[in-house]
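Reviewing the structure listed below.
Throughout, protein chains are lettered first and strands after them, A, B, ... in sequence-line order, and every chain is numbered starting at 1.
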2 protein chains.
Amino acid sequence: MIPLGRARMVGVLGGMGPAATVDFYGKLVEETAASSDQEHVPVVIWGDPRVPDRSMSLLGRGEDPTPHLRRGIGELRRSGCEVLAVPCNTAHAFVPSLAEEAGLELVSIVEVTAAALAADGVRAAGLLATTGTLRADLYGPALRRHGITPFEPDEPGQHEVMAAIAAVKSGRAGREHGEALAAQARSLAARGAGRVVAACTEVVLALDPAQVPVPVVDPARLLAREVVRVALNAEPARA
Amino acid sequence: MIPLGRARMVGVLGGMGPAATVDFYGKLVEETAASSDQEHVPVVIWGDPRVPDRSMSLLGRGEDPTPHLRRGIGELRRSGCEVLAVPCNTAHAFVPSLAEEAGLELVSIVEVTAAALAADGVRAAGLLATTGTLRADLYGPALRRHGITPFEPDEPGQHEVMAAIAAVKSGRAGREHGEALAAQARSLAARGAGRVVAACTEVVLALDPAQVPVPVVDPARLLAREVVRVALNAEPARA
């Protein structure tokens, strides 16, 4: 058992979107081997859903979310957080430099995912992500560093992905959105992807892995697992 | 649509336990009629699971959680929160005075539940709660003010309830714990309770309302609904 005093406080920059933050917080609790409240990781969640759309900003069509993100990270730092988790893939276009500026240790959803794929011997991975994440090539460098080739949907397919993400964010995701995501995932698998990465925290909420012929990787789950390890100063898990 | 600028920031004093806080946060998101991230209520969650056990303290057998609770409320205030929600019934033995001290508007899980029962014309309500909540008579005054008689399990029944709550907190709740809670709920209904109140945020996670012959009231859901209304300065919902 890790002595309680050693647990580092985790700051979660959330609200992007709120349902994805709820999902991540649930995974954080699930990934903690605790037998009482008191053994859980202390966490502060800054859930400001008013952060301007990250994907639109990356496409040059919307307000810069940086001031909002900087404020949230600053508040988490002031509250005593030492470790930062951001359960929004697209926001990783902005947060690494802001975390460094604030002196917080960012556990990057991109890096933990690339490392997990590499540990599994994956050579090609399909990405279901926002158009902002793809255009900013957030996953490309980390994947290529591990010798993994990223695949993404074609343009009409990417429109389907974005429509599904918007449906989840609006609370009106239906069966058709899950099926559209599964169709894109199958297409990526058919092109040779050994894994499909649900590289948007909303995709995870609508995609049924049972409808995809290759394993679907959930970066939010991997992030939660690594955050618990880092917060408790535990040894890295064996692959 | 409520103008975004008018939304008041909600502070959630959580972590007691963590799974119940995840559940409450999910209900807060569900209870918001939002069609994009940006229309959701801004929220900060202080999730310190290291707060000493509230029930044990109320029974005179554990450390006073007040300093931990005061710190969390203070941090929420400093972060700019104006409205306070505490998804832990037992903690309501401590938080009203601390919220007042910090200048935060507490939306009390006890008061919203008593008001909802009264609006439904309930005259007798059974309580599935921690022994601390029952001994401190947290629900009694609010219910009696509305002319509602509270019922609680007998002593062996209350032991069953506490065992189920402990199982949820330790992440090892099974079918037998849900059935034990349902048996106590049925016994309260048999004694004349028109509603069973799942007056501990862990009870909600293990009790299946379909196994109870009277409606099961979820205070966490009622709290989430009222918090959204207060944060958005909306008119009270019609009963």
Residues from residues 158-171 of chain B approaching chain A under 4.5 Å (heavy atoms):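 Counting heavy atoms that sit under 4.5 Å from chain A, the residues of residues 158-171 of chain B involved are Lys169(B), Ser170(B).
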Among residues 15-29 of chain B, which ones touch chain A with a heavy-atom distance under 4.5 Å? Gly15(B), Met16(B), Gly17(B), Pro18(B), Ala19(B), Thr21(B), Val22(B), Tyr25(B), Gly26(B), Val29(B)
Counting heavy-atom pairs under 4.5 Å with chain A, the top scorer among Pro49(B), Gly47(B), Ala34(B), Pro42(B) is Pro49(B)
One option among Val43(B), Val41(B), Leu76(B) has the most heavy-atom pairs under 4.5 Å with chain A, and it is Val43(B)
Hey, what do you get for CD (Gln38(B)) to CG (Asp48(A)), rounding to the nearest 0.5 Å? 9.5 Å
So what's closer than 4.5 Å to chain A heavy atoms on [X]: side chain, backbone, both or neither?
X	result
Ser79(B)	both
Arg172(B)	neither
Val51(B)	backbone

Side chain to side chain contact (heavy atoms under 4.5 Å, CB included) between Val44(A) and Val44(B), intermediate numbers included: CA-CA 7 Å; Val44(A) 182; Val44(B) 182; 4.2 Å; yes
Anything under 3.5 Å between a donor and an acceptor, one on a side chain of residues 94-108 of chain A, the other on a protein residue two or more places apart or in another chain? List them.
residue   : atom : partner   : partner atom : Å
Glu101(A) : OE2  : Arg70(A)  : NE           : 2.6
Glu105(A) : OE1  : Arg8(A)   : NH1          : 3.3
Glu105(A) : OE1  : Arg8(A)   : NH2          : 2.9
Ser108(A) : OG   : Val110(A) : N            : 3.1
Ser108(A) : OG   : Glu111(A) : N            : 3.1

Do any side-chain atoms of residues 61-69 of chain A form donor-acceptor pairs under 3.5 angstrom with protein atoms, and if so which ones, sequence neighbours left out?
residue  : atom : partner  : partner atom : Å
Asp64(A) : OD1  : Thr66(A) : N            : 2.9
Asp64(A) : OD1  : Thr66(A) : OG1          : 2.6
Asp64(A) : OD2  : Thr66(A) : OG1          : 3.3

